[in-house]
Asker: 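My questions will all concern the structure given below.
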Amino acid sequence: MLFNSINFALFLPIVFLLYWFVANKDYKYQNILLLVASYFFYACWDYRFLFLLVFSTLLDYFTGLKMFDSKTVSRKKFWFWLSILVNLGFLGFFKYYNFFVNSFAEALANLGMHVEVWTLNVILPVGISFYTFHGLSYVIDIYYDRIKPERNFIDYSVFVSFFPLLVAGPIERATHLLPQIQRERKFNYATAVDGLRQILWGLFKKVVIADNCAEYANIIFNNSEQYSGSTLVMGALFFTFQIYCDFSGYSDIALGTARLFGIDLLRNFAFPYFSRDIAEFWRRWHISLSTWFRDYLYIPLGGSQGGTWMKVRNTFIIFLVSGFWHGANWTFIIWGFLNALYFIPLLLAKKNRNNIGTVAEGNVLPNFREFMSMLFTFSLTVFAWIFFRANSLSDAFSFIGGIFDSSLLSFPTVFPITIIVLVIFFLVIEWIGREHQYALQGFGIKWPKLLRYGFYYLIIVLIFAFMGKEQEFIYFQF
Amino acid sequence: MKKFITSLLWFFLPLILVVILISIVLKKSVNDKVDCVVDEKITTLVLGHSQTECGINDSLIANVKNISSGGESYFYTYQKLKKMLLVNKNIKTVLVSFSNNQTEVLMNEWTYGDKYLKNFYPKYNFMMDSDDVSTVLKNNFTGYISAEHQSFLNNADMVMKSNYNLLSDKKWGSYLYLKRNKIDSLNKTDTIKKMLLNRVTDYSKLNVDYLKKIVTLCKEKNVKITLVRMPLYSSYFKTKNEILFQRIRKEYFSDVPFLDFHSVSLNDDEFGDYDHLNYKGAKKFSLLLDDLIKQGLLNKNNPQQFINESLSKSKLN
């Protein structure tokens, strides 16, 4: 069930009404309802993988309890590693098996040895990377005595399977979400309206910007040899906006939906394309994943506490793993590697925390220096996205080769004016709203009601007019 | 909570009302202006799905216009025919494709399955009556909403561009020049074996009902209707449930002339695949049909006997 589908438009109000009108006697009933709704939501994709989700939930629930109740360290370690290995085993099996087998066979072929490989023809269970990471953080936190295990299985299951975040995050932490599940939730008018506004903006980003940019990005990337350098740049830009609006749009819908149920999820995006350096970009892009890797990988590895070599090594590890998390393809790994290369000079020069606040805070426009920094960071990001989007490394290199050609100075042959105007409109709204949680949060709040409603109607009309070229959310595949 | 629900209703109600109002205005506007007038010389229309679409080259047959459309069920053919007969008084005869697969239960999917709804519903939405709409609505609610949404956009586009030429733009179907020839490659697979194992036993009541509606409509308009079964590859034909097909034909359409060309002998390279003629087959078949029509096929008391005799003379059976 996609967020931008009629099925979801029917599903959400039904669950909402049941939640606040039927199950509102006790939060425990609300949790049962959320769990049933979440499993139904997940089963709409493929009910067979529901068993995997339930198994993963059971595994982490029981290993969490067993670890906590263990009398000896070795016993605790046993349950910990059991959970880690089974979780990563499933992830590896479904997501990386073919990649490793093919890469191994290719490596042997390069040495002159030809082997028959046996690859799996299995579909990747939707959201496996997300709910596995949910479970891992829970188990790791218990192991290091940061939290106590949840004894109520329903509450724990809702934490793992809450439908707004189930298939594409944000990747939640037990310390943040579980307490909200364990207490009574009161309906709050302002929060619910804010949630709806966030859903509206998320839908706009997904349906109007991402899906339309996707059409052009796909055409250009899939036929890159036919296009001029300037058109290839347009293709890279279209993908840059596609991936941001697709994923942050999904996150906005997820966060807005959760708010309708009185639950706050972790913020996932904070206007990353207005970043002044790559370190700031990574504090603003897919925040729940970046902080996950920081807390469960980077810091345990020593973080930036050790010497220069250790800092560099840890930075490379975290970015390469982050790339690999996105998918079993060398293109993602190179994307991660490039970002590490961008990041390391800032780290070594101790400038990675220079830009903490919002750009041009309190001002209408940025100053020249800020503008140039944003432009430079954005260009680096666009370049890295080429690897992320390309079907293979050779495609990425030929795409880049095609850009740096005399045709770079020609007028692009693909220049859809309507979409470009919409992207500019989107950027203006994002810029105005950059000091809020999401762009529309404070936009027009002080306007007369009629004018504000008029603006919301305009957004709805745009969504209505552009809906139809439905594309699946990119992050469902990760 | 009460305030929230009330605010929500006040916010969405005007929007929904305006959308419904504009939708009605657009449908009426398109229905009034849609251009589906054929040349005055055209007296015969060919309708149906991909078999007639690929198999009847109307440029080779005098006074015939082929507006068949691949994947079209009788539900949509009925809508199209209703409008065509209303604005084209010169149409005296209608040939409608009637093949085995058009009786099969699969036709329900062709009528209200998501993919088909999205493709066909917007082309005919503006002239559907409430019964037709409720047929779709009760079988696929979410698909209906998507299809209405797409129809709204299509209608708005037509009105804004003042382009109502559905026939000349081939949006309602036409002869399709099919170049491919997949018989050899298909014969190397086990397609026929699989089809034999999965022989259809259920029929589509909905599709049969709409064919009945087509027949009734033609009778009301005093237009002669004839059902046509196109040439089929012999091993493919054997996979079809002929008993079911004949039972439906005799039970519901015994009074409608039926031209059965399924056994016309054509070479392998004249088929695009098992149940579609390619351009070579279409040429041969269309010339044959043209010849038969000129000899008065459509006015014969026993047209099938006439076809069989003609085929044996031309060694095409």
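Here is how names work: the chains are called A, B, and so on, in the same order as the sequence lines, proteins then strands, and each is numbered from 1. In what follows, every heavy atom counts, from backbone to side chain, and hydrogens, waters and symmetry copies are set aside.
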Asker: Which value, rounded to the nearest 0.5 Å, describes the distance between I199(A) atom CD1 and L260(A) atom CG?
Answerer: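 The distance works out to 4.5 Å.
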Asker: Apply side chain to side chain contact (heavy atoms under 4.5 Å, CB included) to W201(A) and F426(A), showing your working.
Answerer: CA-CA 10 Å; W201(A) 189 238; F426(A) 153 76; 3.7 Å; yes
Asker: Could you list which of residues 11-21 of chain A have a heavy atom closer than 4.5 Å to any heavy atom of chain B, in residue-number order?
Answerer: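 Near chain B, by residue number: F16(A), L17(A), W20(A), F21(A).
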Asker: Could you tell me whether L197(B) atom CG has more than 12 heavy atoms of other residues or ligands within 6.0 Å of it?
Answerer: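 Check passes, neighbour count above 12.
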Asker: Report, as yes or no, whether the 6.0 Å neighbourhood of atom OH on Y47(A) holds more than 12 heavy atoms from other residues, nucleotides or ligands.
Answerer: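 No, the 6.0 Å shell around OH holds no more than 12 heavy atoms from other groups.
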Asker: Determine which residues belonging to residues 4-17 of chain B lie within contact range of chain A, meaning some heavy atom pair is under 4.5 Å apart, and list them by number or answer 'none'.
Answerer: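 So far as heavy atoms go, F4(B), I5(B), S7(B), L8(B), W10(B), F11(B), F12(B), P14(B), L15(B) are the residues that approach chain A to under 4.5 Å.
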Asker: Report the relative orientation of the aromatic rings in Y236(B) and Y274(B); use parallel for angles under 30°, tilted for 30 to 60°, perpendicular for over 60°.
Answerer: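 Judged by the thresholds at 30° and 60°, the geometry between Y236(B) and Y274(B) is parallel.
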Asker: Working note: Y210(B) + D132(B), criterion side-chain hydrogen bond (donor to acceptor under 3.5 Å, both in side chains); need CA distance, chi angles, decisive distance, verdict.
Answerer: CA-CA 10 Å; Y210(B) 270 88; D132(B) 301 328; 2.6 Å; yes
Asker: How would you list, in number order, the residues of residues 28-41 of chain A that have a heavy atom less than 4.5 Å from chain B?
Answerer: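 Answer by number: none.
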Asker: For the residue pair S5(A) and N7(A), confirm or rule out a side-chain donor-acceptor distance under 3.5 Å.
Answerer: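 There is no such pair (donor and acceptor under 3.5 Å, judged by atom type) between the side chains of S5(A) and N7(A).
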Asker: Could you name each residue pair satisfying ring-ring contact (aromatic ring centres under 6.0 Å, His included) that touches residues 184-207 of chain B, not counting sequence neighbours?
Answerer: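 Listed by first then second residue: nothing to list.
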Asker: Where does I145(B) contact chain A at under 4.5 Å (heavy atoms): side chain, backbone, both or neither?
Answerer: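 Both parts, backbone and side chain.
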Asker: Show the numbers, then the answer: is there a side-chain hydrogen bond (donor to acceptor under 3.5 Å, both in side chains) between D194(A) and Y438(A)?
Answerer: CA-CA 10 Å; D194(A) 197 41; Y438(A) 62 95; 2.6 Å; yes
Asker: With ring centroids as reference points, do F126(B) and Y164(B) lie under 6.0 angstrom apart?
Answerer: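 Centroid separation for F126(B) and Y164(B): 6.0 Å or greater.
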Asker: Are Y116(B) and Y76(B) close enough that their ring centres sit under 6.0 Å apart?
Answerer: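 Here the rings of Y76(B) and Y116(B) have centres that are no less than 6.0 Å from each other.
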Asker: Check whether the side chains of W172(B) and Q79(B) place a donor and an acceptor atom closer than 3.5 Å, and report yes or no.
Answerer: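 Looking only at side-chain atoms, Q79(B) and W172(B) do not form any donor-acceptor pair under 3.5 Å.
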Asker: If only side-chain N and O atoms count, and only distance matters, is there a donor-acceptor pair under 3.5 Å linking K123(B) with N154(B)?
Answerer: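 On atom types as modelled, these side chains do not qualify, holding no pair under 3.5 Å.
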